[in-house]
Number of protein chains: 2
Amino acid sequence: MKMTIKEIAKLAGVSQATVSKIINNYDDVGQKTKERVLAIMDEYGYRPSYAAQSLVKKVTKVVGVIYAGHINANFNHPFFVEVVDMFKKTLGGEGYDLLFFSNEKFHKADENYLQRCQHYNVDGCIIIGGEQVEPSIYELDQSTIPCIGVDIELTGPHSGYIMTDNIQVSSMAVEHFYLTGRREVAFIGGEKESFVSRQREAGFRERIKAYGLQAPEEWFVYGDFFEESGYACMKELLRSERTPQAIFAISDLMAFGAMKAIKDQGLDIHDFAIIGCDDITAAKHVEPPLTTIKQDKQKIGRMAAFILKDLITGHIEQTSLKVDPELVVRESCGSKKPGVMR
Amino acid sequence: MKMTIKEIAKLAGVSQATVSKIINNYDDVGQKTKERVLAIMDEYGYRPSYAAQSLVKKVTKVVGVIYAGHINANFNHPFFVEVVDMFKKTLGGEGYDLLFFSNEKFHKADENYLQRCQHYNVDGCIIIGGEQVEPSIYELDQSTIPCIGVDIELTGPHSGYIMTDNIQVSSMAVEHFYLTGRREVAFIGGEKESFVSRQREAGFRERIKAYGLQAPEEWFVYGDFFEESGYACMKELLRSERTPQAIFAISDLMAFGAMKAIKDQGLDIHDFAIIGCDDITAAKHVEPPLTTIKQDKQKIGRMAAFILKDLITGHIEQTSLKVDPELVVRESCGSKKPGVMR
DNA sequence: CTGAAAGCGCTTACAG
DNA sequence: CTGAAAGCGCTTACAG
């Protein structure tokens with residue numbers, strides 16, 4: 001049976017106030033009293049009620065998790081799930097629990113995240129950015145509730161955001177093509193509305209120019225991050241007059257699709273240099289193993305947790321951070337030794 | 001600014017009680033009054049406080065999510081993440097939000113799940129079963145809080161559990177070996193303490209016998225579900241006097257490891273029949289594509305949600321359910337046409 | 001159909 | 001060092 005503070009107080013022969021002070025670590029309680037009460041609380045496994053506490057204190061030690069906009073397979077998204085996992089572990093160490101908002105019941109435009117945050121009185125929240133983010137997200141962003149965005153730019157007074165440096169992602173891919181002697185390169189992007197895709201494309205175009213590589217407009221094709229679309233994109237590339245030697249796909253799955261398209265066309269996969277993005281488990285198992293650009297999910301998750309905590313405690317306000325990606329060299333790019341001239 | 005019921009009442013010129021009745025859909029409120037109050041609530045975006053509500057009602061519409069025992073990479077576990085995703089989607093449709101308990105701060109044996117559930121006043125919870133489950137989990141199980149277990153047998157008065165029929169998993173593997181003409185089969189299991197591993201081994205042994213296949217004791221080797229251990233296990237198998245033609249690994253990752261060991265040994269991978277378990281994304285990308293036994297994660301997640309809801313509403317009590325696995329035939333098992341005698 | 005009042009389980013000035 | 005009392009934002013008999 002669940003105990004209340006009143007019962008504990010009676011058992012210990014003190015007032016509720018005294019018990020409460022002990023719970024909240026006030027130091028103006030007698031040592032003897034404290035020990036006695038503590039022993040009783042322990043004996044009965046007493047835990048103060050969250051509802052009652054949060055009603056009067058304004059702190060809950062709960063952080064909301066929101067998947068904004070359309071995220072295919074939100075929860076088991078290969079990238080975000082690892083970010084959130086690390087985020088959870090880090091904040092968990094600080095005593096926070098995570099509340100995942102369901103949005104199945106509210107998928108309409110009238111979902112109001114601010115209201116829901118207020119309803120639960122969360123201390124802050126993490127917002128995972130998908131496509132076509134609801135306006136209500138920005139309302140929350142601009143509120144007094146601390147928010148940390150991942151892959152979404154938050155500008156609220158108590159908000160911050162963090163994401164991989166997507167310009168850098170493309171730089172690394174292009175640079176690797178350059179250093180392995182590729183001159184004609186193609187780009188397989190995501191949906192045109194995709195924030196991440198747009199950034200990577202911008203970085204790609206900029207670097208191409210800087211290195212003087214060739215990429216006619218018809219070598220820019222767009223999928224939806226999934227395998228089938230990569231397949232279709234590659235088919236399209238192979239149909240064009242000149243065929244690119246090197247292909248940068250902004251997701252590993254699309255890179256897989258592209259590889260399959262090349263094989264199906266009867267071409268030698270080793271005549272192509274392919275770079276993917278994400279470094280999912282399967283990347284090292286395909287033939288040939290896929291060179292890819294990896295995001296530092298661990299770091300992003302940890303950082304997000306630290307920043308949010310500082311935002312909550314008022315230690316900082318309004319930050320943003322770009323995290324460097326990492327190049328993972330495997331065989332799909334022809335050369336096992338990047339940087340060696342050939 | 002956050003509104004309270006009091007302010008809404010004043011604005012509408014009615015009492016708190018009336019507003020409350022409208023919120024809770026009592027039908028003894030005048031139509032006119034109702035409309036007026038509703039309009040005001042809407043205008044100010046009023047949402048009742050979770051804390052206050054849950055303090056007086058005993059329902060919270062929040063369900064706890066607990067990863068019990070040791071689960072490597074709990075959150076992004078390839079199997080559980082999909083189960084939980086579906087669980088979340090299904091319960092989300094019913095208006096429940098999910099509270100993920102952090103256990104980073106409490107990893108000691110003194111974590112008390114029942115207390116935490118009571119603290120938050122959750123309506124019920126889902127328990128994901130790992131290895132070496134803490135005793136405290138069973139205390140929760142036996143409490144009045146409804147619990148649904150996945151891969152863990154819960155026997156409490158308001159508990160249920162669901163899992164794949166692991167005997168069936170092994171049956172399918174052995175049967176497929178049999179129908180593709182394999183006679184000598186090996187088993188790569190997980191940790192000996194693993195509940196799932198033990199069940200699959202039992203099913204395997206039983207089926208082997210039924211079909212009269214050969215599997216000397218040294219062909220039973222044990223890893224930890226991860227790739228490296230599969231590699232080591234296979235190395236061990238190849239070291240034994242006679243080499244098995246067929247290998248059933250109870251995780252795809254271990255199957256990958258086994259394939260790698262075979263290749264590294266200079267043997268022809270096509271001389272071996274390999275069956276994995278899980279059907280992770282990478283399974284169809286390895287060379288040769290891996291035949292595997294797949295759990296119906298979607299169904300498990302949905303079922304868990306439905307059962308938990310019925311447990312909460314008192315509609316049912318104490319159920320358990322086994323879900324059938326599915327055989328996914330690919331090339332790693334030699335024959336593209338299972339069931340065709342050769 | 002409507003409202004006054006008690007109570008849910010806590011915390012926090014405040015008085016002693 | 002300790003406790004009485006008000007208050008957090010709601011709901012629910014109960015009376016009218």
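Lettering of chains follows the sequences in order, A, B, ..., and the numbering in each one begins at 1. Quick caveat: nothing in here was measured; it's all calculated off a predicted structure.
- Judged by closest nucleotide on DNA chain C, B/Lys58 is the one of B/Lys58 and A/Asn24 placed further toward the 5' end.
- Residue contacts for A/Ser20: at a heavy-atom cut-off of 4.0 Å it reaches a base atom on one of the strands shown.
- Between A/Asp97 and B/Arg116 there is a salt bridge, since a side-chain N of the basic residue sits under 4.0 Å from a carboxylate O of the acidic one.
- Defined by atom type and a distance below 3.5 Å, a donor-acceptor pair is present between the side-chain atoms of A/Gln142 and A/Thr155.
- Backbone-only contact: B/Thr33 has heavy atoms under 4.0 Å from sugar-phosphate atoms and none from a base.
- With DNA chain D read from its 5' end, the first of the two nearest nucleotides for B/Thr4 and A/Asp28 is the one closest to A/Asp28.
- Across all strands shown, B/Tyr50 has no heavy atoms under 4.0 Å from either base or sugar-phosphate atoms.
- Across all strands shown, D/dG3 forms a Watson-Crick or G-U wobble pair with C/dC14, both key distances being under 3.5 Å.
- Side chains of B/Thr60 and B/Asp123: a donor on one and an acceptor on the other come within 3.5 Å.
- A donor-acceptor contact shorter than 3.5 Å links the side chain of A/Glu7 to the backbone of A/Thr4.
- In summary, the side chains of B/Gln115 and B/Ser136 do not present any donor paired with an acceptor at a separation below 3.5 Å, with no hydrogens or angles considered.
- A/Lys322 and A/Asn166 share no donor-acceptor pair across their side chains, judged by distance under 3.5 Å alone.
- In terms of position along DNA chain C, the nucleotide closest to B/Gly30 lies nearer the 5' end than the nucleotide closest to the other residue of the pair A/Ala51 and B/Gly30.
- First and last contacting nucleotides of DNA chain D toward chain B (any atom under 4.0 angstrom from a heavy atom, 5' to 3' order): D/dG9 to D/dT12.
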